[in-house]
Amino acid sequence: MLKIESAVKTFFKGTPQEHTALRGLSLHLKPGEFVTVVGSNGAGKSTLFNAICGSFYLDAGAVMLDGKDITYQPDFRRAKMIGRVFQDPMMGTAPHLTIEENLALAYSRKHKLPLAPAITAKETDFFREHLAAMGMGLEDRMKTKVGLLSGGQRQVVTLLMCTLSTPKLLLLDEHTAALDPQTSEKIMEITNRIVAENHLTTMMITHNLNAALRTGTRTIMMDSGQIILDIGEEERRGMTLDDLLRMYSQKAGGEFDNDRMLLNKDNP
Ligand SMILES: Nc1ncnc2c1ncn2[C@@H]1O[C@H](COP(=O)(O)OP(=O)(O)OP(=O)(O)O)[C@@H](O)[C@H]1O
Ligand SMILES: [Mg+2]
């Protein structure tokens, strides 16, 4: 499904700030795999997502999605196939548009001509049904401007915008990090349901190591632009957070260094 081959990305090449954020990273994902991604601050996790989405082109290596080489495909083309949710609830939606308009915009990008007529009654029903399934009462607020919603509610709208037309790949970059623990738990529940129902191939960066081990089918740990641990379903079963941290220090030769992850060490 997703194949990344020996990806290399160096920022500020040839200057004193030169920094190689991806160092020959390779990763293969099978269809329907749900991979959680953890790693120290600056390990290159978000950069990996940026490389997959085409925010920049790689200096070397290749990205293939669903059998197609997209290494040099521009980001707006890839956006039709890849859904992405960011940490910041402000990022995925247009605040001055209503919930319904946001959903319609995302949906029409894939299903309609650019100048298609306004939202049809059939679409309204379709959106309402999906919103109701989220269990947050948003189906009764479809005419509310998204800027008035809470962070958690906005993340739900963003998640729906990304998944109403099934993407080939869903990328979640700490999408619950800005939410309170209870809302975060709820959004994870919704995420798991959407991923399972649509059999989505998914990657989720999380600062919650416990959640990383519990969620999805596989966990990868990044350090200095490389994948240093790749833990499959079998091996992951029964693994504790301390096991994971121990494996990290053996591989990386140092203590795990991610302020948010360690702060969240005791969260369930
Ligand atoms: N567009 C950019 N220009 C210059 N440097 C960048 C750029 N994007 C990322 N970097 C650098 O690449 C490294 C990896 O950054 P990245 O954001 O991928 O880390 P991360 O693993 O997501 O960390 P965090 O857990 O803090 O979010 C960092 O040193 C960062 O400063
Ligand atoms: Mg990041």
Side-chain angles (χ1 to χ4, degrees), residues 2 4 6-27 29 35-61 63 71-72 74-76 78-79 82-92 151 155 158 162 169-179 184 187-188 191 202-213 215-216 218-231 241 244-245 247-249 251-265 267:
L2 175 72
I4 298 166
S6 311
V8 176
K9 181 65 194 178
T10 302
F11 293 111
F12 305 117
K13 210 169 191 154
T15 74
Q17 293 93 37
E18 180 169 313
H19 180 80
T20 301
L22 297 176
R23 296 170 190 270
L25 181 149
S26 295
L27 175 68
L29 256 62
V35 181
T36 55
V37 183
V38 295
S40 39
N41 294 126
K45 304 180 294 296
S46 298
T47 303
L48 173 62
F49 279 14
N50 286 335
I52 296 170
C53 291
S55 311
F56 50 71
Y57 293 145
L58 293 175
D59 299 329
V63 186
T71 313
Y72 295 107
D75 55 355
F76 67 90
R78 301 188 204 190
I82 303 171
R84 188 173 186 182
V85 186
F86 292 90
Q87 175 175 342
D88 184 353
M90 302 299 179
M91 282 190 62
Q155 288 302 65
T158 308
C162 289
L169 181 69
L170 178 63
L171 299 178
L172 308 168
D173 192 344
E174 303 204 42
H175 71 307
T176 66
L179 310 173
S184 163
I187 301 300
M188 267 320 299
T191 305
T202 304
M203 293 178 77
M204 177 177 87
I205 300 174
T206 174
H207 61 269
N208 184 327
L209 294 175
N210 280 313
L213 288 175
T215 311
R218 176 177 169 192
T219 297
I220 60 176
M221 182 174 266
M222 287 186 64
D223 188 60
S224 306
Q226 286 175 320
I227 293 172
I228 58 162
L229 290 174
D230 189 343
I231 310 163
L241 199 144
L244 186 66
L245 292 175
M247 284 167 83
Y248 173 85
S249 29
K251 281 276 179 180
E255 288 297 305
F256 187 72
D257 174 26
N258 186 317
D259 43 6
R260 274 169 303 151
M261 285 192 190
L262 293 176
L263 277 175
N264 276 277
K265 203 166 167 289
N267 282 353

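Each ligand, and each atom within it, is numbered from 1 in the order the structure gives.
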Got an N, O or S from S46 under 2.8 Å of the Mg ion (ligand 2)? yes
Residues at least two apart in sequence or cross-chain that pass salt bridge (charged side-chain N to carboxylate O under 4.0 Å, His left out) with D75, listed by chain then number, are none
Ligand 1 contact on M222 by region, counting heavy-atom pairs under 4.0 Å: neither
Counting heavy atoms only, which part of F56 comes closer than 4.0 Å to ligand 1: side chain, backbone, both or neither? neither
Listing request: all salt bridge (charged side-chain N to carboxylate O under 4.0 Å, His left out) pairs with a residue in residues 222-231, at least two apart in sequence or in separate chains. R218-D230
Polar-atom distance check: F12 versus ligand 1, any N or O pair below 3.5 Å? no
Close N or O approach (L48, ligand 1; < 3.5 Å): no
Expected output: side-chain K45 to main-chain M221 donor-acceptor under 3.5 Å: no
To the nearest 0.5 angstrom, please state how far the CE atom of M204 sits from the OG1 atom of T191. 7.5 Å
Single hit among L48, I205, T206 for side chain to side chain contact (heavy atoms under 4.5 Å, CB included) with D173: I205
Is G39 close enough to touch ligand 1? Criterion: a residue heavy atom under 4.0 Å from a ligand atom. no
